[in-house]
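Presented below is the structure to which this report refers.
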Amino acid sequence: MDKKKVAVPTVCHGHSRPVVDLFYSPVTPDGYFLISASKDSNPMLRNGETGDWIGTFQGHKGAVWSACLDTNALRAASGSADFSAKIWDALTGDVLHSFEHKHIVRACAFSEDTHMLLTGGFEKILRIYDLNRPDATPREIDKSPGSVRTVTWLHSDQTILSSCADLGGVRLWDVRSGKIVQTLETKSPVTSAEVSQDGRFITTTDGSSVKFWDANHFGLVKSYNMPCAVESASLEPNCGNKFVTGGEDMWVRVFDFFTGEELACNKGHHGPVHCVRFTPVGESYASGSEDGTIRIWQLGPANSDEQEAASANGKAKVGVNDVARKIEGFHISKDGQVEGT
């Protein structure tokens, strides 16, 4: 294949306002799934391989800043400007729980074991909800030094990672003690933080910089300056030899992890790119933009070394038909929206 060939993405319409967060589920027996958060207040669930719309989660009354799926893609979670975080049944679209906050919820994340939900936002408080006891008072972690922008779990739910909207650095919290045990220093506020699928790296973006940190010893492994301010970056999960970025110049770029060389520059969005994420099988990646669209881009054919590495990691391609059961479970009304029951 000619490397200069222009990439033609799958364009996913549906959101009426900017797309601000994307999250892929792990591979499940039913395939893998993509959930998107948007300022239109309606998170959407899609087939992760094709981008086909499955359903819309309706119930928030303000912009949704964060959305994620649990390990089995059976539940979704969302954090919103309506001062709430919600848990949804990903099979039916029904609200299972609504957790009220005192200010905007900017970030949320399921624990790896799926039993807990972590939230953070303008209150500068990290909260852990026990999903086995949703009516219980959540555990509150020591006050964050600033408004929380991103949260995620690592080390088998023993550590929490968070960044602030108004302060540089990534803070690592010990879940047991509730204390900050390490700060990864950055010059600018961290807008995106991702733990690699194999748990080896933390990928962050701040200003016009993409950084890769050792997720176990917390040393800085790689740091690359980008052509413009970047808002999000994601590391290819199979070989870890490429990463993708999105930012204010509206372009989605692919780089070599080891050299920083730009391998591809994908044009198509009509507004800044707020979020980029690789699929769990690494064959494609999605971008979400101010223009209200999600675009799914194919990474391109792997070379023989990459194919061997993927096989060694036991990554199997997920068939489109594997998502049938989940699609059938959603309540779809005549106007194409999910009905609550």
Side-chain angles (χ1 to χ4, degrees), residues 20-37 43-46 48 54-55 57 59-60 64-80 84-101 105-121 125-141 148-163 172-176 178 192-199 202-203 215 234 237 275 277-280 286 326 329:
V20 292
D21 193 26
L22 294 171
F23 183 95
Y24 277 104
S25 76
V27 176
T28 76
D30 297 324
Y32 61 90
F33 301 89
L34 173 65
I35 190 170
S36 54
M44 290 187 179
L45 185 69
R46 297 178 185 275
I54 295 174
F57 300 100
H60 279 299
V64 174
W65 287 104
S66 178
C68 58
L69 295 161
D70 70 11
T71 305
N72 304 307
L74 296 176
R75 291 174 299 179
S78 53
S80 172
S84 77
K86 295 185 187 294
I87 303 287
W88 311 80
D89 185 320
L91 298 174
T92 65
D94 298 335
V95 177
L96 299 177
H97 308 291
S98 186
F99 301 120
E100 300 305 314
H101 292 63
V105 182
R106 192 66 194 267
C108 61
F110 282 105
S111 59
E112 186 180 332
D113 67 10
T114 75
H115 296 316
M116 295 176 284
L117 181 73
L118 171 65
T119 67
I125 296 171
L126 295 170
R127 290 186 173 90
I128 300 174
Y129 292 88
D130 183 346
L131 299 181
N132 296 318
R133 299 166 53 242
D135 296 326
T137 302
R139 181 184 170 197
E140 294 186 357
I141 303 290
V148 177
R149 173 72 183 262
T150 66
V151 297
T152 190
W153 301 81
L154 67 162
H155 302 154
S156 301
D157 304 330
Q158 299 302 304
T159 307
I160 287 170
L161 179 157
S162 73
S163 71
L172 295 150
W173 309 72
D174 178 73
V175 172
R176 239 177 318 184
S192 170
E194 175 191 77
V195 178
S196 63
Q197 195 164 280
D198 61 9
I202 299 166
T203 305
S234 183
C275 43
R277 285 293 177 261
F278 264 103
T279 68
K326 191 175 290 285

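Worth knowing before you read on, the calculation uses all heavy atoms, side chains too, and leaves out hydrogens, waters and symmetry mates.
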Apply side chain to side chain contact (heavy atoms under 4.5 Å, CB included) to the pair V148 and L126, showing each step before the final yes or no. CA-CA 8 Å; V148 177; L126 295 170; 4.1 Å; yes
Would S196 and D198 count as a side chain to side chain donor-acceptor pair (under 3.5 Å) here? Give the steps. CA-CA 5 Å; S196 63; D198 61 9; 2.7 Å; yes
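Looking only at atom types and distance, the side chain of T71 has no donor-acceptor partner in the side chain of T114 under 3.5 Å away. Of the N and O atoms on the side chains of S84 and H101, not one donor lies less than 3.5 Å from an acceptor on the other residue. With hydrogens and angles left out, the side-chain atoms of K86 and S98 include a donor and acceptor closer than 3.5 Å.
Taking CZ from R176 and CD from Q158, the interatomic distance works out to 6.0 Å, rounded to the nearest 0.5 Å. Note that CZ of R277 and CG of L22 are 8.0 Å apart. Values are rounded to the nearest 0.5 Å. Distance CG/L117 to SG/C108: 6.0 Å, rounded to 0.5 Å.
Between Y129 and D135 there is no side-chain heavy-atom pair separated by less than 4.5 Å. The closest side-chain heavy-atom distance from M116 to W153 is below 4.5 Å. Looking at heavy atoms from C-beta onward, L131 lies out of side-chain contact with H115 at the 4.5 angstrom threshold. P138 places none of its side-chain heavy atoms less than 4.5 Å from the side chain of I128. Residues L161 and I202 have side chains in contact (heavy-atom distance under 4.5 Å, counting atoms from C-beta outward). Contact annotation: the side chain of F23 approaches that of L69 to within less than 4.5 Å [non-hydrogen atoms, C-beta and beyond]. In this structure, the side chains of R106 and S66 stay at 4.5 Å or more apart for every pair of heavy atoms.
Between the S25 side chain and the F33 main chain, a donor and an acceptor come within less than 3.5 Å of each other. A donor-acceptor pair under 3.5 Å is absent between the side-chain atoms of W65 and the main chain of A107, judged by distance alone. At distances below 3.5 Å, at least one donor-acceptor pair connects side-chain atoms of H155 with backbone N or O atoms of A215. The backbone N or O of D94 lies less than 3.5 Å from no partner atom in the side chain of D89, so there is not a single donor-acceptor pair.
The aromatic rings of W88 and F57 sit tilted relative to each other, their planes meeting at an angle between 30° and 60°.
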